[in-house]
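Note sheet for the following structure.
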Amino acid sequence: MTDMSVSVGALRLANPIMPASGTFAEGLAEVIDIERLGAVVIKTITTELRAGNPVPRVAEVRSGMLNSIGIPSKGVPYFLERTLPYYRRFAVPLVVSVSAPTVAGFASIAKAVSVPGVAAIEANISCPNLEEDGRAFAMEPRSAATVTAALREATPLPLWVKLTPNVGDIAAVARAAENAGADALVVANTVLAMAIDIDTRRPRLGSIMGGLSGPVIKPIVVRMTYQCAKAVKIPVIGCGGIASAEDAIEYMLAGAAAVQVGTATFVQPSAMLAILDGMEAWCARKGIHRVADLIGAIRDTDLELAPAQY
Amino acid sequence: MTDMSVSVGALRLANPIMPASGTFAEGLAEVIDIERLGAVVIKTITTELRAGNPVPRVAEVRSGMLNSIGIPSKGVPYFLERTLPYYRRFAVPLVVSVSAPTVAGFASIAKAVSVPGVAAIEANISCPNLEEDGRAFAMEPRSAATVTAALREATPLPLWVKLTPNVGDIAAVARAAENAGADALVVANTVLAMAIDIDTRRPRLGSIMGGLSGPVIKPIVVRMTYQCAKAVKIPVIGCGGIASAEDAIEYMLAGAAAVQVGTATFVQPSAMLAILDGMEAWCARKGIHRVADLIGAIRDTDLELAPAQY
Amino acid sequence: MKPPPESSVVVPDSAQPADLLSRVISNDWVNARYKHLVVAAPPQAAQARPGQFFHLLCPDAGGEHPFFRRPMSCYGASPRQGTVEFLYKVAGTGTRSLASLVPGATLPMLGPLGHGFSLEPAWRTIVVVGRGVGLATLAPLAEAAAAAGIAVQAVFSARDRDSVMSVERFEASGARVTVVLDSDGSSDPAKVEALLRRLHVQGMADAFFTCGSTRLLVLLQRLGRELGVPGQVALEQQMACGLGMCFCCVRPFREDDEVVNRRVCWDGPVFDIQEAMP
Amino acid sequence: MKPPPESSVVVPDSAQPADLLSRVISNDWVNARYKHLVVAAPPQAAQARPGQFFHLLCPDAGGEHPFFRRPMSCYGASPRQGTVEFLYKVAGTGTRSLASLVPGATLPMLGPLGHGFSLEPAWRTIVVVGRGVGLATLAPLAEAAAAAGIAVQAVFSARDRDSVMSVERFEASGARVTVVLDSDGSSDPAKVEALLRRLHVQGMADAFFTCGSTRLLVLLQRLGRELGVPGQVALEQQMACGLGMCFCCVRPFREDDEVVNRRVCWDGPVFDIQEAMP
Ligand SMILES: Cc1cc2nc3c(=O)[nH]c(=O)nc-3n(C[C@H](O)[C@H](O)[C@H](O)COP(=O)(O)OP(=O)(O)OC[C@H]3O[C@@H](n4cnc5c(N)ncnc54)[C@H](O)[C@@H]3O)c2cc1C
Ligand SMILES: Cc1cc2nc3c(=O)[nH]c(=O)nc-3n(C[C@H](O)[C@H](O)[C@H](O)COP(=O)(O)OP(=O)(O)OC[C@H]3O[C@@H](n4cnc5c(N)ncnc54)[C@H](O)[C@@H]3O)c2cc1C
Ligand SMILES: Cc1cc2nc3c(=O)[nH]c(=O)nc-3n(C[C@H](O)[C@H](O)[C@H](O)COP(=O)(O)O)c2cc1C
Ligand SMILES: Cc1cc2nc3c(=O)[nH]c(=O)nc-3n(C[C@H](O)[C@H](O)[C@H](O)COP(=O)(O)O)c2cc1C
Ligand code: FES
Ligand code: FES
């Protein structure tokens, strides 16, 4: 029997598998036993009520999807009065993803959701910073640090900061968030992309561009997970294109302490449990007693990272 | 009959299809009629002799590939004495891709290859800038501008600057290269990525990380082509995951004046000609008389670009 | 627009959905563009109610690489025979790969999903108006109505005689079917309106049900409002998860003078006809 | 390391390569891990010379998604019958999907590619030493030697009796086959060395040829150097393009005291045995 538990900072999880924000909701509890997950992460909420983006909000691409859902949000009171009580019936740790257009907004929503029953806060900082030209907070080390520091002030709960892959140097942003007080990093959100219907000549998403997710982004985000895990001491949670036990193990070897599964659940509602079972079986086969031993266990010490050279 | 010709700045091409640097060599001329291409682009050459990176140099991923070939180069004399005479037998325009670790090195190789028989120079600036911490020239608008300006001084030939997708704001780099004198932009090189063999726990590339290419990157690079085409007035050449006529048309609608086909040729040596034939047939079916009419013909004017919001 | 309504904690009105493995019994062409798929499925699946749908994992076949599942209305479900039926139009990547399924092949399907049609015991005759794939969704409704002792007046709109499907199926359940065609002009909105008004005058329109045509939806909304006839519509929208998680399948609805987004997969696919926005 | 040699403008030594559509005639298991594939192919393909290979476009089948083509030595080519044969080990994604091919299926193949073996008219007897998939590459060589009046002494190394393949094929061409096994210790390097020395003493080793085992390569390099026997080796490396374009298939070679990278697909796959670096 492999010990499947992992620690994400102070938070101990029964296993490393959890949903990615925005790809999980109560509906899934009707189809799978969500108590078996390491944690649940809810879709990002904001203080303001929001309707989200225009349709079409998704498009299918080769081995992946584009989405421009945006963040339809029912606000904090709805979360406190409806969502939270719903999840209280489950023993699994609840991670609340929050977002805001300003630093003060982030601090205020983090404070508002720091209530009993919430195990950790995930700050989705891949959203436009309205105080700085609308560039996402996660796009610059400085703005990532500023918002992380404000969040750190605002909540005593474990603070996970979710980074965007749409940057040139994700390790620099990771270090900035760590120094500003993040307890863990989630690497990463979706990759900005687009597709055009050649017959209608229209973008396949109503908002022209959107986020790419699914198997297609795995090699990119494994690389970023590896870079971030080398750059920081806090745990990194890998997220991008994970659809099988092998994918999850690959992320852990790259340095992830836990992983989030998003798009795969849309195609296979039982994906997370299949991944968990598959990892356990794989560990048993390989004689691995603690899944945590896989974290960062890539064999790269004898290799030299060739200067990126295309 | 559709007029398939396009202009890339002053250079008129018989059609918009050409190979991507590093994915074409003389071997292909034995299998397809390369005279039918709009241009040929040779693998990047450098002044120094180089051996390239350690093996394994490629890995297969879902719907794409990783490579860390590096730039094995036989130097400029070999190019002048062997490669150039070989291509003189073909009427198709020859584009020479060059690279260097310093600004002066770029200028000097561009000058050295500005000889009769060369139709344009493509500057592969996705390589480490040894004068600035080894960050690729194409990663910052400033360094992209510096190297482009030096190249512009060094050669009277049409100057194409090839950008890297591994940046947060490619439009800013595109504008910098335009302002510094580029005649066209190639968007883009490969996306930095990695993969790990979970059984051996070793990276699947000898240099740990490498470049992702193939269908998997198309939605990302179509987005960048669109962003760059909106940001600059010079032509943009789209490159990333093109494997079918539909893909090439999608890039042109996004704003590409021409396209480069890379990885697809490895799987299907006749890919470029099949794309060309397919585009011509599609245009005929749609009653499009000039393929150039597709450039930037996306129907997006009534849409609002939603603030990126994940 | 207001944020989506509070329905996300609601329990569905039928069998618990599950990801089930079904086996293809037959998959035959019914005309040039539609196929009829019959699968053997576990008992839960066969408990699907009219208007509910399944999310089908289409095979990676014949060069087609569908990534998402595809939503398909349950065209029939027999708990006794353990079968579920679909009637689908071969359109793009997913349905083309579905069309390649041969008897014996396995087909993973998630469901039954969504909120189906509801029938009021007080109704004596309902009017069911459909076009194209809409008939697949409405057929089980006609059968359920018949079983509940409610008579059905069906109006099928189609391009031409060859596109008409499912008439026997409706008639077998006792429905009276009127076919209107584009090819002879009988599907003209004014003519269909006259037909519906006649049914209403004859007391045969206690409720309107529709699926498959925006033009028909608009007509029924107007008539329903004017005549005070309630109605339901089954709507479509592109889906990723089918379980209310991704919010990609939203459509706008009127709710107390406001416009709200609702998820077709979770809050529907059947909605109050007056709340729907075409 | 020095940059790759100047071979990139060299013309190949056989039929012009082309991307050809072949049709599967048979695809049968020869033992638990190997299959023998016979395809009907256009004339150019059947002109493949010993040591040349084809780059096969493996089907997207059975949940396998091979992206690259897979290189496979030509195990046999009959211009008269218009057939090409392969002998392959079912290993990963690509070969598993290849294994799913049924008679009648089409298989696109690029080739013939690369530089094959060369035979000197002066040679009277050659020694061919192979293991595993190496035999697929060496079989056409033995046949070509026989046709050129050169006798063949073949040494097959294998794990156990059940892993031995192709003996009949070699013997049919007139080769003398000696089988050495891991299971009974006869494949031990010292014993194989003694065997080879015996052949040399008997004047039956004008040249060494090998494929499929690094251990055997090292042994033959040493013996060849010591005894002054020339040799050739067919090497493997992962390939993307197969046409010398991508430089992913390089291996290091000794060239005048320097180490150079050469492309297996374009400069090989057959190389001078002394230049190869194991
Ligand atoms: C609740 C519901 C029930 C349905 N029932 C039926 C039915 O019984 N019979 C039938 O023929 N069709 C039905 N449809 C429509 C059916 O889902 C689409 O025709 C199908 O998804 C098209 O897939 P494709 O791959 O062939 O087309 P593509 O155009 O290749 O699909 C691309 C993407 O768009 C989506 N899409 C395309 N058209 C539609 C559409 N009309 N509705 C929703 N998504 C779409 C696909 O699901 C896919 O994600 C139903 C749709 C919904 C939402
Ligand atoms: C010139 C040449 C001739 C060959 N002839 C034969 C033959 O006649 N019979 C035979 O059984 N095998 C032969 N091989 C090896 C064969 O190409 C590999 O076994 C095959 O590519 C494995 O593919 P896979 O998808 O099953 O394995 P995977 O491990 O899934 O392959 C992953 C990647 O690695 C590559 N790869 C894995 N093993 C090898 C290998 N040994 N050599 C080169 N690439 C590899 C694959 O091509 C693919 O790109 C030859 C190789 C070369 C280079
Ligand atoms: C439909 C959809 C909605 C998403 N919504 C959110 C969100 O609200 N907040 C967030 O931080 N990430 C959101 N994401 C990003 C995912 O959490 C995840 O980072 C990304 O999809 C990559 O993982 P995957 O490839 O496993 O899907 C969303 C992704 C999708 C596909
Ligand atoms: C094997 C390989 C080698 C490459 N070598 C070069 C190179 O030398 N110079 C360069 O500018 N780009 C090089 N590239 C990048 C391609 O030119 C192209 O930008 C990239 O592959 C994306 O296009 P694709 O998806 O069509 O392959 C190389 C790509 C591959 C796959
Ligand atoms: S399809 Fe995901 S919410 Fe409806
Ligand atoms: S496989 Fe491309 S150079 Fe050999």
Side-chain angles (χ1 to χ4, degrees), chain A residues 22 44 53-54 61-64 66 68 70-71 124 126-128 134 136 139-140 164 166-169 189-196 198 200-203 206-209 211-212 215-216 218-220 222-223 226 246 249-250 253-254 282 297-300 303-310, chain B residues 22 44 53-54 61-64 66 68 70-71 124 126-128 134 136 139-140 164 166-169 189-196 198 200-203 206-209 211-212 215-216 218-220 222-223 226 246 249-250 253-254 282 297-300 303-310:
Chain A
T44 303
N53 289 332
V61 295
R62 179 67 88 82
S63 305
L66 289 177
S68 61
I71 304 191
N124 174 6
S126 305
C127 56
M139 284 198 58
E140 301 290 346
T164 174
N166 302 302
V167 293
D169 183 0
N189 217 305
T190 52
V191 180
L192 194 62
M194 75 184 275
I196 305 169
I198 65 169
T200 63
R201 300 192 178 184
R202 298 187 71 85
S207 58
I208 307 182
M209 299 181 196
L212 183 64
V216 81
K218 192 188 70 168
I220 303 172
V222 166
R223 181 262 294 179
Y226 176 77
E246 290 73 21
I249 293 163
E250 186 177 0
L253 293 173
W282 187 87
I298 182 173
R299 290 180 47 210
D300 59 355
L303 296 175
E304 219 185 305
L305 193 61
Q309 180 84 64
Y310 322 92
Chain B
T44 303
N53 288 333
V61 297
R62 179 67 88 85
S63 304
L66 289 178
S68 61
I71 305 193
N124 174 5
S126 305
C127 55
M139 285 198 56
E140 301 290 346
T164 175
N166 302 302
V167 292
D169 183 0
N189 217 304
T190 52
V191 180
L192 194 63
M194 77 184 274
I196 304 168
I198 64 169
T200 63
R201 299 192 179 183
R202 298 187 71 83
S207 58
I208 308 182
M209 302 182 195
L212 182 64
V216 79
K218 192 187 71 169
I220 303 171
V222 166
R223 180 264 294 180
Y226 176 79
E246 290 72 22
I249 294 163
E250 185 175 1
L253 293 172
W282 187 88
I298 183 174
R299 289 180 49 210
D300 59 355
L303 296 175
E304 221 184 308
L305 192 61
Q309 179 83 68
Y310 322 91

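Treat the numbers as computed from the prediction; the structure is a model and nothing was measured. When reading the values below, keep in mind they use all heavy atoms of this one structure, side chains included, and skip hydrogens, waters and symmetry mates. In what follows, chains carry the letters A, B, and so on, assigned in the order in which the sequence lines appear, proteins first and then strands, with residues in each chain numbered from 1.
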B/L212 and B/T190, any side-chain heavy atoms less than 4.5 Å apart: no
Identify which of B/I220, B/V216, B/I198 forms the greatest number of heavy-atom pairs closer than 4.5 Å to chain A. B/I198
In terms of heavy-atom pairs under 4.5 Å with chain B, the winner among A/G64, A/P215, A/P203, A/G22 is A/P203
Pairing residues for A/R299 by the side-chain contact (heavy atoms from CB on, under 4.5 Å) criterion, not counting sequence neighbours: B/R201, B/R202
Among A/S63, A/P219, A/A195, single out the residue with the greatest number of heavy-atom pairs under 4.5 Å to chain B. A/P219
I want to check something: taking the side chain as every heavy atom from C-beta on, are B/Y226 and A/I196 in contact at a cut-off of under 4.5 Å? no
Which atoms of B/I298 are under 4.5 Å from chain A, going by heavy atoms: the side chain, the backbone, both sets, or neither? both
Checking A/V61 against chain B: side chain, backbone, both or neither under 4.5 Å from a heavy atom? side chain
A/R223 vs B/L66 side-chain heavy atoms within contact, under 4.5 Å: no
Can you check whether B/T44's main-chain N or O pairs, donor with acceptor, with B/N124's side chain at less than 3.5 Å? no
